[in-house]
Trainee: 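For reference, the structure I am asking about is given below.
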Amino acid sequence: MLYQIYETQRSLMEPFADFALAASKLYSNPSSPFRKTPLAQRMSAGYDLLHRLGKDYEKPEFGIQTVPVNGVDVAIHERVEINKSFCELRRFKRFSDDPKTLEKLKTQPVVLIVAPLSGHYATLLRDTVRSMLSDHKVYITDWKNARLVPLSEGEFHLDDYVNYVQEFIRHLQSVYGNCHVVSVCQPTVPVLAAVSLMASRGENTPLSMTMMGGPIDARKSPTAVNNLANERSFEWFENNVIYRVPANFPGSGRRVYPGFMQHAGFVAMNPDRHAVNHYDYFKNLIKGDDNSTEAHRKFYDEYNAVLDMDADYYLETIHTVFQDFKLVKGTWDVRSPEGKLERVRPQDITQGALLTIEGELDDISGAGQTRAAHDLCSGLSGKEQRHLEAKGAGHYGIFSGRRWREEVYPQVRAFILQHQPAQTRATVVSAEPAAAAASTEPRAAAAKAKEPARPVAAPAVASPAPSEAKAVKTVARKAAAPTPRPAKPAAKAVVAVAAPAPAAVKPAKPVKATKPAAVAAAPAQGSSPATRWVTPLTGAVDQPVAAAAPVTVAPKAASAPAPAAAAPATPEASATTSATVVTAAPAAAAALAPVQAKRTPPSKAS
């Protein structure tokens with residue numbers, strides 16, 4: 001009944017709100033005679049404020065048209081990738097005509113941002129999305145208003161939320177091979193459950209998880225939100241805050257937790273602050289401070305736009321997260337789409353990395369609630385777990401505003417880049433040296449193969465002895481062949497050419513080159529110790545880690561050392577990639593020349 005009363009009141013107020021807007025323009029328009037009357041500015045400001053207090057706020061748009069990438073503006077096209085009954089997986093596709101920018105876009109990490117389903121729309125994370133688009137391929141969960149979902153689509157439970165997240169992660173893995181996950185506030189709990197279930201089944205898990213201001217363990221530093229959930233019983237919530245959608249909406253008859261009640265709860269937490277903000281808006285209208293008034297409008301257009309949540313999802317969240325604490329107690333069972341109950345076991349997560357972020361002044365998720373995820377993910381090594389506390393930041397400050405852009409986001413960007421596969425990061429860096437080697441070395445190898453055997457002191461590639469002439473010709477033919485050869489045979493050919501026997505009766509046996517020094521599989525982490533909950537250093541991993549130089553062994557019984565063919569140095573971060581650089585011999589480089597010449601131009605979208 002309360003929902004019907006609210007809708008009736010809103011319908012009655014709507015014409016008065018429109019009249020207030022018209023009156024405000026009447027007193028502020030320069031061509032209007034009322035503009036010159038006494039107190040015109042105050043009248044206009046008062047009507048404008050009345051309009052904003054009485055109007056209905058609809059879902060806003062993301063409105064991200066362009067973002068800068070390395071100083072170049074990149075166009076953004078927003079589209080729906082997957083459309084579910086209660087959620088859309090929305091992609092922000094980037095376009096550019098600049099070749100260097102295209103190469104940069106294609107190698108950037110893929111990030112799934114899981115937006116909260118707690119009363120506001122996903123557009124609340126607009127600032128988060130805009131910042132991350134400069135350095136990542138971004139997808140976001142855009143939750144639907146439950147009052148717009150027909151009853152024929154069925155109910156929506158907390159288990160469905162977990163299953164949605166798993167489906168979205170699998171989709172990105174099928175397209176890109178891997179992804180990173182960022183969850184803000186409420187979804188930290190279902191995201192951790194989704195990744196835990198994937199790990200328990202032996203599936204590939206995200207490369208990293210970033211959890212920001214979420215109630216992983218709501219028992220720590222309880223806030224007003226936590227106290228309300230503990231002071232009231234499950235039956236109280238079911239009987240007092242759950243209502244059916246009125247008949248004038250597509251979801252008529254659906255049981256929901258209305259968005260206007262959630263909004264009233266948000267305002268009730270800080271009523272004085274909101275009253276001061278609106279009074280300041282009134283004074284700025286009188287003074288003509290357009291910048292301040294526009295900032296106020298943008299914030300409250302987002303803050304006042306709320307959605308309804310399905311009753312089953314809301315009540316199960318209250319019961320699971322804030323009353324029984326099933327996640328931290330290890331008693332949470334999630335029903336899969338096939339109907340099978342599966343126990344959530346965060347300790348089964350052994351791959352990837354975890355970054356938790358909390359705001360020092362957060363009044364919604366208290367200190368230590370998000371950090372508790374590290375204790376649950378005991379299967380991750382200490383060096384893969386980090387924690388960051390944003391000094392002076394409230395709940396919204398850790399994902400939007402100046403502190404997010406200047407303090408929090410650089411840490412998140414560095415953390416994601418640190419756990420991005422090394423092959424992707426080194427592709428752009430090593431492309432130009434590889435192309436240069438492929439274009440110059442085939443002609444040099446062919447010329448050296450035609451030279452007669454004569455004693456030369458310390459040649460670049462020494463003349464072979466008669467017994468090795470056949471081997472040299474074979475190498476020359478391989479160098480001219482258009483078909484690329486595998487790396488392993490090419491490595492053997494390099495050893496044979498690099499081990500000459502000048503002026504000797506018996507050719508010296510070539511010595512096998514030792515393996516290059518192994519490079520740590522994980523990139524360097526600056527000066528951060530390998531312990532849990534370490535605050536990452538800003539920009540510590542903004543650049544790829546340089547690989548160790550390969551070791552060259554001179555052949556035995558050689559009168560003068562013959563230097564091996566130099567391979568282009570590329571920054572790498574794994575032993576596998578480093579070994580690939582060592583085996584890039586003239587024969588392999590010559591074989592790759594036709595491939596480099598026929599390289600197709602890249603796509604213009606990322």
Trainee: Output all residues satisfying side-chain contact (heavy atoms from CB on, under 4.5 Å) with N277, sequence neighbours left out; order by chain, then residue number.
Mentor: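 Expected list: R273, H296, Y300.
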
Trainee: May I have all residue pairs that pass ring-ring contact (aromatic ring centres under 6.0 Å, His included) and include part of residues 171-227, sequence neighbours excluded?
Mentor: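 Listed by first then second residue: nothing to list.
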
Trainee: Residues two or more places apart in sequence or in another chain: which of them pass side-chain contact (heavy atoms from CB on, under 4.5 Å) with A194?
Mentor: V162, V165, Q166

Trainee: For D348, enumerate each residue passing the salt bridge (charged side-chain N to carboxylate O under 4.0 Å, His left out) test, keeping only those at least two apart in sequence or located in another chain.
Mentor: R345

Trainee: Which residues satisfy the side-chain contact (heavy atoms from CB on, under 4.5 Å) test with T320, sequence neighbours excluded?
Mentor: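 With neighbours one apart ignored, the set is L158, K326, W332.
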
Trainee: Within a 6.0 Å radius of atom OH on Y279, are there more than 12 heavy atoms belonging to other residues, nucleotides or ligands?
Mentor: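 Atom OH in Y279 is not packed in, count stays at 12 or less.
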
Trainee: With salt bridge (charged side-chain N to carboxylate O under 4.0 Å, His left out) as the rule and sequence neighbours excluded, what pairs involving residues 231-246 come up?
Mentor: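 Matches after skipping sequence neighbours: E238-R255.
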
Trainee: Go through the structure and list residues passing ring-ring contact (aromatic ring centres under 6.0 Å, His included) with H77, not counting sequence neighbours.
Mentor: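 So H77 forms no ring-ring contact (aromatic ring centres under 6.0 Å, His included) with any residue.
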
Trainee: Can you tell me if D159 uses its side chain to pair, donor with acceptor, with the backbone of R335 under 3.5 Å?
Mentor: yes

Trainee: Tell me, please, which residues at least two apart from Y57 pass ring-ring contact (aromatic ring centres under 6.0 Å, His included).
Mentor: none

Trainee: Give the C-alpha distance, both sets of side-chain angles, the deciding distance and a yes or no for side-chain hydrogen bond (donor to acceptor under 3.5 Å, both in side chains) between Y121 and D142.
Mentor: CA-CA 7 Å; Y121 290 97; D142 191 3; over 6 Å; no

Trainee: Go through the structure and list residues passing ring-ring contact (aromatic ring centres under 6.0 Å, His included) with F266, not counting sequence neighbours.
Mentor: H120

Trainee: How about E342 and S200: does a side-chain donor come under 3.5 Å of a side-chain acceptor?
Mentor: no

Trainee: Who are the side-chain hydrogen bond (donor to acceptor under 3.5 Å, both in side chains) partners of S118, not counting sequence neighbours?
Mentor: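 Not a single residue meets the side-chain hydrogen bond (donor to acceptor under 3.5 Å, both in side chains) criterion with S118.
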
Trainee: Go through the steps for D308 and Y3 under the test side-chain hydrogen bond (donor to acceptor under 3.5 Å, both in side chains), then give the verdict.
Mentor: CA-CA 11 Å; D308 297 348; Y3 208 141; 2.4 Å; yes

Trainee: Could you tell me how the ring of Y161 sits relative to the ring of Y313: parallel (under 30°), tilted (30 to 60°) or perpendicular (over 60°)?
Mentor: parallel

Trainee: With S134, which residues qualify under side-chain contact (heavy atoms from CB on, under 4.5 Å), at least two apart?
Mentor: V67, P68

Trainee: Taking ring-ring contact (aromatic ring centres under 6.0 Å, His included) as the definition, give me every residue that meets it alongside F249, ordered by chain and number, with sequence neighbours left out.
Mentor: none

Trainee: Using only heavy-atom distances, determine whether the side chains of S365 and D362 contain a donor-acceptor pair under 3.5 Å.
Mentor: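 Note: S365 and D362 side chains miss the donor-acceptor criterion.
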
